[in-house]
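Below: the structure, in structure tokens.
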Amino acid sequence: MEAQRVSKEKICGIEFYAGNENGQYKSGKVHIECLLDFTSGRKKGSMTKDYSLPGGHEEAQQYMHLPIPFYAEVGWVDVVTKQGEMRKIVSFKPVSVPKPA
């Protein structure tokens, strides 16, 4: 069994696609805020990185009504593939949704 870490993350975007391009293709992703590497003194601020949701496009569609940004508890595992090490989302639960102004 993999060791899962859970952290609260700022979700800055959601996207999904379900279509037929050279076969069936489905995808659901969230864009999570990440800090730039400020240690060199040449960068500051943040960017987003996209991660696939475990429930794919169907899970992403469930969150499309939420105002952006929002916070979610994200369960992570570290995996190794031919392309190198990466983090994968294994659980996702919105926890803090700002109220519209």
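Since the model is a prediction, treat every value here as computed from it, not as a measurement. Below, all heavy atoms of this structure are taken into account, side chains as well, without hydrogens, waters or symmetry copies.
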Close side-chain approach of [X] to [Y], heavy-atom, < 4.5 Å:
X     : Y     : result
Gln4  : Ser91 : yes
Ile32 : Ile11 : yes
Tyr71 : Lys10 : yes
Ile89 : Trp76 : yes

Work out which heavy atom in [X] is nearest to a heavy atom in [Y]; give both atom names and the distance.
X     : Y     : value
His31 : Ile14 : CD2-N, 4.3 Å
Asp78 : Arg5  : OD2-NH1, 2.9 Å
Glu85 : Val80 : CG-CG2, 4.0 Å
Cys12 : Thr48 : CB-CG2, 3.7 Å
Lys29 : Ala60 : N-CB, 4.4 Å
Lys44 : Leu36 : O-CD1, 3.5 Å

[atom1]-[atom2] distance between [X] and [Y], expressed to the nearest 0.5 angstrom:
X     : Y     : atom1 : atom2 : value
Met64 : Glu15 : CE    : CD    : 9.0 Å
Phe16 : Lys26 : CZ    : NZ    : 12.0 Å
Lys49 : Glu33 : NZ    : CD    : 15.0 Å
Glu9  : Cys34 : CD    : SG    : 7.5 Å

Practice task
Classify the ring geometry between Tyr63 and Phe92 as parallel (under 30°), tilted (30 to 60°) or perpendicular (over 60°).
Solution key: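 Correct class here is tilted.
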Exercise for the section: Decide whether Leu66 and Tyr51 are clustered together by the hydrophobic rule: side chain heavy atoms of Ile, Leu, Val, Met, Phe, Trp, Tyr closer than 4.5 Å, transitively. Expected result: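 Same cluster: Leu66 reaches Tyr51 through Ile, Leu, Val, Met, Phe, Trp or Tyr contacts under 4.5 Å.
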